[in-house]
Structures are given as structure tokens and as C-alpha cells.
Undergrad: 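Once you've had a glance at the structure underneath, I'll fire off some questions.
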Amino acid sequence: MVAEIVCLGCGAPLQSTDEDKPGFVPESAVGKPDVLCRRCFRIRHYGEFLPVTVDESTYQAQVAQIFERPGLVLYVVDVFDLAGSLVPNLARFVLNSEVVVVVNKVDLLPERVQYTRLADWIRGQVERTRVPVSDVLFVSAEKQLGIEQVLGLVEWETERPVYVVGMANTGKSTLLNAIAGRLSDKKAPYTVSRRPGTTLALSRLEIAGRHGRIELYDTPGLVHEARVIERLCVDCLRIVVPQSRLRPRVYQLNPEQTLFLGGIVRLDFERGDRQPIVLYVANDLPVHRTKLSRADEIWERHQDDILQVPCAVCRPDFANRRSIRLQRVRRGEPSARGSLAISGRGSDIVIPGLGWIALSGRPFDGVLSVPSWLRPSLRPRLVGDLSRRMEADAQRGEER
């Protein structure tokens, strides 16, 4: 299926002619088993990252091989950024395969979130993209939480290939390393990094399982240009990407106050009732509350010390801004064009690649300022709403 000799870590075809292109290795390394390209070697041993992205046409050419040879598809999504981890146009490549959605990074959610109750909601979100879903599993690939469920599927797949697909930075390679490490003596064959876009091409690994030989394929992660994490350097990512369980941060906000989420998002509360605003973002992300009258001064003078991210190098990508009006509307009442309408039950403002802001549903009139390329969205509250709704629906089903 893959004819070239490729880097075991990222799948790029190996070559020794151009140091600036993916897959470069010294000529003396060509032909050796389990070779890592220079880029993967530097990521693993020195923490360096040379940015190379996979465009959508190249990605789809790679993933099209799943259509030609169907199998078991492990569709990895990030529970922290579900909307930003759905792969565009995946349906046409996996219609003949069995698709299991693997919801990764559940260890980052607050303890009170009963994430298994979100299975039906996540299934619905994925199936809206026309991808048929046979099951939904919840894991932490890094902590190997829930990994036994995945192993129980993969270890029997000796007659068809197993593909791992997903957007960049959802944890595909980490999941594959966990599978390979548990089912064989292969120790972390795939390169992982905090920076999106580490895997560059379809990468095959054959392992000897208990029931026969298993073919595993890592696929390149498609970079989503409208996510915060795609626009940040490695140093900024250390602050923005969650590394441990989220601690919800609650701010009692009065009218005419502003919240800054670093220098990425600004939330101005203009009118309404005093109310709690809950932030579900990385624990290290700087958050600053101030008077609305001082917000412009903070923005102009304190990007480096108070707001901190993005850094001066990344900041130009975040300079062009747009303002989105936030308003609470009654059921059936239309919202203004270009605004986000908050329901009376409360809503999450989802910031792709950053996290979400939970609003209580009390009267709120304000403005959300974000980079011009960022597309925030609203959903029912994940914590304390969606999980309860799923539980209530299940109870009603039992009563019927």
C-alpha cells in the first residue's frame, strides 16, 4: 500500500538530497530499519519543531487510500475541542469502513463531568458530518485511561487494516504508541509533539498480536487554520494547551467589566445582571479582569506582562480583530445578524483551540473580541447541562 521507504515517526518518504524538505536523513541512514528523519529525531531528542503542514488536497489523497482498502477506522477527536477536531469531507472516504469515534484527552475534563453520558451527543455531532458511527469510546491516550476498550477492538483486526484518523493535535500518534506498546514490543514508534502537524503522511506499522498480524496506519493530521493552536509557537503552546485536569475558573462579573483570556479573547460585559462567568481553559493561561473603561489601556500597554500570549513573534497573526455581539434572547426571538444568541438556560461560547466560556443564562449584553480568522460558536453547556440532559433522556426512555 505504501511503496516508499518512509520515516517511522511521521510517515514522510525518506530522502537525502534536500535538507529543507520533509523526510531528510543523511545518506548513510537510508536503508536502515526503523529510520527517523532528521525532523522527528530533533523533535524527540531536542524538543525542536520544524513547521511543515499538510494541505487539504494532500491530506485527502492520503486518506483516500482508506476508501480503496476499507478497514476499522479509529476517528480520534479531542473532547476539549470537539468542533475543531471534526475532519472536513471525511465521510466519502470511510463509508465502507467501520468507524469508531475515540474521544481523547478525557483526563483534562473537570472531575464533575460525567463524560460517558456525552456519547449520544458526540455521536450526533459526528453523524451530522455524514460519518457513520458504530461506537463511541472515551480515552486518555497519554494516561492510557480507557485504552483497554480500544485494544479489545484492535487485537482482533487481523483480516483488515486499522486506520487512525483525525485533525492535527487530537492525539492520534499518542494513541497508536499506546496500542503498539501494549500489543507488541514496539515502544513509541510514532513521533509526538505539542505542535500540530507532526505526522506528514500515511505511516504503516505491522505488529504481531496474540491473534495474528495487525496492520496499523497513522494518517497525517489536517491543520485547521481557524484554531488558536495553529497560530502559536511552541513557547506559547506550553501556556495555551492544557497539560493537566482543568480547574474551572469562576469570575463574578459586574456590568462594565472586561475579561481577557490572554491577548487572544476579550469579553466585554456591558449590561445585565451580576453573574458568574466560568472559564474552561488551560490552567496556565493568564486571565485578567478589569473595568471596561481600562480595557483599551490594558490591551495597548500590557500585551507582554499581563496578557503574555500570544508572544511578540506570534502577535501579528492575532492583530486583526473582529467584534461579535452577545445577547440573551427569548425562545423564538431572532438575534441580530452576526451576533451570538445566548439561551435562557445558559450557553458555552466555544473558542476553537482554546477552550470555552460558560454563561449562566442571566441577562447579558456584551461584545466578544477575537482574531478575525477565529470562529467562536455556541452550544448547550457541557458541564452541568449536556450531561444532565443525556441522563434525563435515558431515564425517560426507561420509563417508556
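Atom set for the values below is all heavy atoms of this structure, side chains included, hydrogens, waters and symmetry mates excluded.
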Undergrad: Measure the shortest side-chain to side-chain distance between Leu232 and Val309 over non-hydrogen atoms and say whether it is less than 4.5 angstrom.
TA: no
Undergrad: So, Ser173 versus Asp218: side-chain donor-acceptor pair below 3.5 Å or not?
TA: yes
Undergrad: With a cut-off of under 6.0 Å to the ring centre and 45° to the axis, is Arg266 in cation-pi contact with Trp299?
TA: no
Undergrad: Give, for atom CG of Leu175 and atom CD of Gln144, the distance between the pair rounded to the nearest 0.5 Å.
TA: 9.5 Å
Undergrad: Name every donor-acceptor pair, under 3.5 Å, that has one atom in a side chain of residues 124-139 and the other anywhere in the protein, sequence neighbours excluded.
TA:
unit_1: Thr129; atom_1: OG1; unit_2: Val126; atom_2: O; d: 2.5
unit_1: Ser134; atom_1: OG; unit_2: Glu98; atom_2: OE2; d: 3.4
unit_1: Ser134; atom_1: OG; unit_2: Val99; atom_2: O; d: 3.0

Undergrad: Please list, chain by chain and in numerical order, all residues satisfying salt bridge (charged side-chain N to carboxylate O under 4.0 Å, His left out) with Asp107, sequence neighbours excluded.
TA: none
Undergrad: So, are Asp81 and Lys105 salt-bridged, with charged N and O less than 4.0 Å apart?
TA: no
Undergrad: In Å and rounded to the nearest 0.5 Å, what is the CZ to CD1 distance from Arg249 to Ile357?
TA: 11.5 Å
Undergrad: Cluster question for you: counting only ILVMFWY and a side-chain heavy-atom cut-off of under 4.5 Å, with indirect links fine, are Val228 and Ile239 together?
TA: yes
Undergrad: What are the two closest heavy atoms between Phe269 and Asn254, and how far apart are they?
TA: CD2-O, 3.2 Å
Undergrad: Atom CG in Asp235, atom SG in Cys314: separation rounded to 0.5 Å?
TA: 8.5 Å
Undergrad: Distance-only, no hydrogens or angles: does the Arg289 side chain make a donor-acceptor pair with backbone N or O of Gln252 under 3.5 Å?
TA: yes
Undergrad: Determine whether Leu261 and Val281 make a side-chain contact, defined as any pair of heavy atoms from C-beta on separated by less than 4.5 Å.
TA: yes
Undergrad: Test of understanding: clusters of I, L, V, M, F, W, Y form through side-chain heavy atoms closer than 4.5 Å, transitively. Do Leu279 and Val241 belong to the same one?
TA: yes
Undergrad: Under the side chain to side chain contact (heavy atoms under 4.5 Å, CB included) test against Phe364, which residue among Gln275, Arg271, Glu270 passes?
TA: Gln275
Undergrad: Which pair of non-hydrogen atoms, one from Pro376 and one from Pro352, has the smallest distance, and what is that distance?
TA: CA-CD, 4.2 Å
Undergrad: With a 6.0 Å cut-off (strictly less than), is the heavy-atom count around CZ of Arg245, excluding the residue itself, greater than 12?
TA: yes
Undergrad: How far does CD of Glu215 sit from CD of Glu206, to the nearest 0.5 angstrom?
TA: 6.0 Å
Undergrad: What are the two closest non-hydrogen atoms of Ile179 and Leu151, and how far apart are they?
TA: CA-CD2, 3.9 Å
Undergrad: Under 6.0 Å between ring centres, would you say that holds for Tyr163 and Tyr217?
TA: yes
Undergrad: Can you check whether Leu246 reaches Phe80 side chain to side chain, under 4.5 Å on heavy atoms?
TA: yes
Undergrad: Between Asn89 and Arg92, which heavy-atom pair has the shortest distance, and what is it?
TA: O-CG, 3.4 Å
Undergrad: Taking Val101 as the starting point, is it possible to reach Leu145 by hopping between hydrophobic residues whose side chains are less than 4.5 Å apart?
TA: yes
Undergrad: Apply salt bridge (charged side-chain N to carboxylate O under 4.0 Å, His left out) to residues Glu256 and Arg294 and explain how you reach the verdict.
TA: CA-CA 10 Å; Glu256 298 189 6; Arg294 291 199 61 219; over 6 Å; no
Undergrad: Would you say that Leu205 contacts Ile207 through its side chain, given a criterion of any heavy-atom pair below 4.5 Å between the two side chains?
TA: yes
Undergrad: Can you find a side-chain donor-acceptor pair between Ser369 and Asp268 that sits under 3.5 Å?
TA: no
Undergrad: Between Trp121 and Tyr115, is the ring-ring contact (aromatic ring centres under 6.0 Å, His included) condition met? List the steps.
TA: CA-CA 10 Å; Trp121 177 71; Tyr115 54 78; over 10 Å; no
Undergrad: Mind telling me whether Trp156 and His211 have parallel, tilted or perpendicular rings, with 30° and 60° as the class edges?
TA: parallel
Undergrad: Which atom pair, heavy atoms only, marks the closest approach of Pro310 to Ile264?
TA: CD-CG1, 3.9 Å
Undergrad: Any side-chain heavy atom of Met167 within less than 4.5 Å of one from Pro88?
TA: yes
Undergrad: Do the charged groups of Asp348 and Arg379 touch, with an N to O distance under 4.0 Å?
TA: yes
Undergrad: Do Ser244 and Asn283 pass the side chain to side chain contact (heavy atoms under 4.5 Å, CB included) test, and can you show the C-alpha distance, the side-chain angles, and the key distance before you say yes or no?
TA: CA-CA 8 Å; Ser244 58; Asn283 299 329; 3.3 Å; yes
Undergrad: Is there side-chain contact between Val165 and Leu74, with at least one heavy-atom pair below 4.5 Å?
TA: no
Undergrad: Are more than 12 heavy atoms from other residues, nucleotides or ligands located less than 6.0 Å from atom CD of Glu159?
TA: no
Undergrad: Is there a side-chain contact between Leu90 and Tyr75 in this structure, where contact means two heavy atoms from C-beta onward sitting under 4.5 Å apart?
TA: yes
Undergrad: Between Leu109 and Val79, is the side chain to side chain contact (heavy atoms under 4.5 Å, CB included) condition met? List the steps.
TA: CA-CA 8 Å; Leu109 290 175; Val79 71; 3.6 Å; yes
Undergrad: Between Val103 and Val76, is the side chain to side chain contact (heavy atoms under 4.5 Å, CB included) condition met? List the steps.
TA: CA-CA 6 Å; Val103 186; Val76 184; over 6 Å; no
Undergrad: I need the minimum non-hydrogen distance between Pro242 and Leu108, along with the two atoms involved.
TA: CB-CD1, 3.8 Å
Undergrad: Please determine whether a side-chain nitrogen of the Lys or Arg among Lys172 and Asp78 lies less than 4.0 Å from a carboxylate oxygen of the Asp or Glu.
TA: no
Undergrad: Could you check if a side-chain atom of Ser347 sits within less than 4.5 angstrom of a side-chain atom of Pro380, using non-hydrogen atoms only?
TA: no
Undergrad: Counting only N and O atoms by type, is there a donor-acceptor contact under 3.5 Å from the side chain of Ser97 to the main-chain atoms of Pro70?
TA: no
Undergrad: Atom CG of Asp273 and atom CG of Leu253: how far apart are they, to the nearest 0.5 Å?
TA: 12.0 Å
Undergrad: Atom CD1 in Ile66, atom CZ in Arg69: separation rounded to 0.5 Å?
TA: 11.5 Å
Undergrad: Please determine whether residues Val77 and Val383 belong to a single hydrophobic cluster, defined as Ile, Leu, Val, Met, Phe, Trp and Tyr linked transitively by side-chain heavy-atom distances below 4.5 Å.
TA: yes
Undergrad: Start with the C-alpha gap between Trp356 and Leu382, add the side-chain angles, then the distance that decides, and say whether side chain to side chain contact (heavy atoms under 4.5 Å, CB included) holds.
TA: CA-CA 9 Å; Trp356 67 93; Leu382 182 70; 3.6 Å; yes
Undergrad: Are Phe260 and Tyr251 connected in the hydrophobic side-chain network, where two residues link if heavy atoms are under 4.5 Å apart?
TA: no
Undergrad: Are there over 12 heavy-atom neighbours, none belonging to Gln308, within less than 6.0 Å of that residue's CD?
TA: yes
Undergrad: For Arg160, I'd like to know if atom CZ has over 12 heavy atoms of other residues, nucleotides or ligands within 6.0 Å.
TA: yes
